[in-house]
Amino acid sequence: DDASAAELAWHCLASHDLPGGLAALVRAAGHATTVFAPSEAFRHLTQALELWPRVPDAATVAGVDRFQLLVRAAEAANHSGEFRQAVGLASEALEVIDEDAEPLRAALAHDRLSSYLLDAEPELELSRVSAQMLASSQRAVELVPEAPPTPLRARVAAGLATSLMVARDYEAARRWGDEALAVARAAGSVGDEARALVIVAILELRFGDIGTARGLLRDADRAAAAAGNRPLELEARHALGVFEFDLGNLAAACAALDQATELAERSGLAWSGYGIDSRVLRCIAHY
């Protein structure tokens with residue numbers, strides 16, 4: 001009874017107890033996520049997905065349905081640097097969901113897929129990646145009602161703003177970024193407010209308001225920390241480092257990127273997209 005879920009999963013699989021193994025693997029993945037070990041969570045979830053078709057009434061045994069398992073596996077893959085796997089799992093999640101019956105869950109999967117694409121396809125032409133991102137983001141927005149304001153609506157609006165920035169449609173990106181921020185605040189979602197603040201800050205810099213942009217990035221960092229969202233906090237600190245580096249403020253850039261790199265390593269996010277970018281840019285800034 002006092003063994004870990006990961007140990008229990010190993011013994012269940014060794015003794016061909018597939019239902020016990022599936023249940024233990026899902027619990028082990030939850031434990032790994034709690035202690036900031038996304039690679040281990042991804043491994044457990046991958047094994048659970050392999051067992052799924054071999055276990056009768058798998059959703060009851062696992063305590064989650066296949067869609068939830070795929071979404072969790074995709075997030076763990078993305079956080080641990082398995083970017084192509086993240087795209088594949090998010091795409092598979094969309095295949096198993098009925099958009100008409102469950103539009104909000106489908107919107108979540110579309111939003112996740114859009115956010116994973118850029119890291120997964122660095123060798124492709126940017127125009128191709130941006131088109132795929134934009135299609136997924138637009139579909140996510142279509143599936144979530146405008147009213148009442150919800151965290152999901154804020155999330156998909158921010159995702160569309162990001163895709164529009166990649167597509168270099170900055171005016172439209174600014175409109176959607178402002179909407180994401182307003183909806184997040186109306187819904188009382190601190191994490192989504194932080195995400196929107198990063199987007200709005202980047203666009204403020206592009207439109208020339210440096211002081212406002214810097215203040216928004218610092219607000220985003222504080223909001224992400226208050227929300228306890230480590231990936232989002234990393235994104236905010238990375239964005240602040242990039243911001244100061246682009247302005248030639250090397251001391252401030254080094255400080256922000258030092259903090260981003262330390263946070264990534266402490267949170268199991270060293271091989272995430274922002275973890276990798278923070279380490280690379282940190283070396284350049286210090287040099």
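If you read the sequence from its start, that first residue is 1, and numbering goes on from there. Heavy atoms only: backbone and side chains are in, while hydrogens, waters and symmetry mates are out.
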Check ion pair [X]-[Y] (N to O, under 4.0 angstrom):
{"X": "R153", "Y": "E179", "answer": "yes"}
{"X": "R222", "Y": "D219", "answer": "yes"}
{"X": "R139", "Y": "E142", "answer": "yes"}
{"X": "R237", "Y": "E233", "answer": "yes"}
{"X": "R66", "Y": "E92", "answer": "yes"}
{"X": "D221", "Y": "R218", "answer": "no"}

Test your reading of the model: is there a side-chain donor-acceptor pair from [X] to the backbone of [Y], 3.5 Å cut-off?
{"X": "N249", "Y": "A252", "answer": "no"}
{"X": "S114", "Y": "H110", "answer": "no"}
{"X": "S15", "Y": "C12", "answer": "yes"}
{"X": "S136", "Y": "M133", "answer": "no"}
{"X": "R279", "Y": "A270", "answer": "yes"}

Without placing hydrogens or testing angles, list every side-chain donor-acceptor pair under 3.5 Å for residues 29-47, not counting sequence neighbours.
{"unit_1": "T33", "atom_1": "OG1", "unit_2": "A29", "atom_2": "O", "d": "3.0"}
{"unit_1": "T34", "atom_1": "OG1", "unit_2": "G30", "atom_2": "O", "d": "2.9"}
{"unit_1": "T46", "atom_1": "OG1", "unit_2": "F42", "atom_2": "O", "d": "2.8"}

> Under a 4.5 Å cut-off applied to non-hydrogen side-chain atoms, are W176 and M165 in contact?
Replying inline: no
Shortest non-hydrogen contact from L113 to S91?
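Smallest interatomic distance, heavy atoms only, reads CD1-OG, 3.6 Å.
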Heavy-atom closest contact (A140 atom, V156 atom, distance) =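 Distance-wise, the nearest heavy atoms are CB-CG1, 3.8 Å.
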Distance, nearest 0.5 Å, that separates OH of Y274 from CG of L234: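 Output value for this atom pair is 8.5 Å.
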Separation between CD (E235) and CG (L232), nearest 0.5 Å, reads 5.5 Å
*Passing candidate, side chain to side chain contact (heavy atoms under 4.5 Å, CB included) with R174, options L164, I199, L203*: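 Answer after filtering L164, I199, L203: L203.
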